[in-house]
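This report refers to the structure that appears directly beneath it.
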Amino acid sequence: MSSSGGNGAAAVGTESEAGDGDGFGSDSGSERRVHIMVEYCEPCGFGATYEELASAVREEYPDIEIESRLGGTGAFEIEINGQLVFSKLENGGFPYEKDLIEAIRRARNGEPLEKITNSRPPCTIL
């Protein structure tokens with residue numbers, strides 16, 4: 001269940017900006033609001049991975065909005081400000097925390113986001 005954005009998850013900008021759904025306005029002069037949505041497969045047991053990742057993000061950025069929603073089989077998809085930045089369905093693994101933290105830093109600074117392509121393999125029980 002991969003999407004290409006446009007789900008209206010969040011508008012971003014300065015605190016006084018109503019937002020037009022675009023979320024990628026040019027300048028604010030300060031750090032921008034960042035909203036993270038993680039869609040994951042609950043029956044796959046990915047809830048613990050979400051909680052671990054959310055905890056690491058909140059530790060680094062206590063003011064970050066991070067939330068989750070249930071997704072399809074095998075899903076662990078991460079959107080920042082409505083833009084898909086990581087897909088387990090595409091990469092086959094989970095993101096490294098440092099890569100997500102860097103993507104958040106870029107979003108806060110108003111820099112363009114790039115897809116995270118590095119991934120750590122999922123746990124395998126033999």
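Because only heavy atoms are used, hydrogens play no part in the values below, and waters and symmetry mates are left out as well, while side chains stay in.
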Item to check | Test side-chain contact (heavy atoms from CB on, under 4.5 Å) applied to Glu60 and Ile104, Ile101, Leu100, the passing residue | outcome: Ile101
Checklist entry - How far apart are the closest heavy atoms of Phe86 and Asn118, and which atoms are they? => result CE1-O, 3.8 Å
Checklist entry - For the atom pair CE (Met37) and CG (Leu84), what is the distance rounded to the nearest 0.5 Å? => result 12.5 Å
Checklist entry - Are Tyr96 and Ile66 co-members of a hydrophobic cluster defined by side-chain heavy atoms under 4.5 Å apart? => result no
Next on the checklist: Checking Arg105 against Glu111 for the side-chain contact (heavy atoms from CB on, under 4.5 Å) test, could you report, in this order, the C-alpha distance in whole Å, the side-chain angles of both residues, the deciding distance, and whether it holds?
Outcome noted: CA-CA 9 Å; Arg105 184 199 63 75; Glu111 299 173 31; 3.2 Å; yes
Item to check | Leu53 side chain near Glu97 side chain, heavy-atom distance below 4.5 Å | outcome: yes
Item to check | Nearest-0.5 Å distance, CD of residue Glu114 to CD of residue Gln83 | outcome: 10.0 Å
Next on the checklist: Is the shortest side-chain heavy-atom distance between Tyr40 and Thr49 below 4.5 Å?
Outcome noted: no
Item to check | Minimum side-chain heavy-atom gap Arg108-Ile64 below 4.5 Å | outcome: yes
Item to check | CG on Asp63 to CZ on Arg58, rounded to 0.5 Å | outcome: 11.5 Å
Checklist entry - Is a side-chain donor or acceptor of Glu67 paired with a backbone partner of Val38 at a separation under 3.5 angstrom? => result no
Item to check | Distance in Å, Ile116 CD1 paired with Phe94 CZ, rounded so as to fall on 0.5 Å steps | outcome: 14.0 Å
Item to check | Within-4.5 Å side-chain heavy-atom neighbours: Ile78 and Tyr50 | outcome: no
Next on the checklist: Does this structure show an ion pair linking Arg120 with Asp99, if we count only N-O contacts that are shorter than 4.0 Å?
Outcome noted: no
Item to check | Atom pair CZ (Phe76) and CG (Leu89), whose distance is rounded to the nearest 0.5 Å | outcome: 11.5 Å
Item to check | Nearest-0.5 Å distance, CZ of residue Phe46 to OG1 of residue Thr73 | outcome: 9.5 Å
Item to check | Smallest separation among heavy atoms of Gly74 and Cys44, with atom names | outcome: N-SG, 3.4 Å
Next on the checklist: Under the criterion side-chain contact (heavy atoms from CB on, under 4.5 Å), I'd like the reasoning laid out for Glu39 against Glu79: C-alpha separation, chi angles, the key distance, then a yes or no.
Outcome noted: CA-CA 8 Å; Glu39 179 180 311; Glu79 294 178 358; 5.7 Å; no
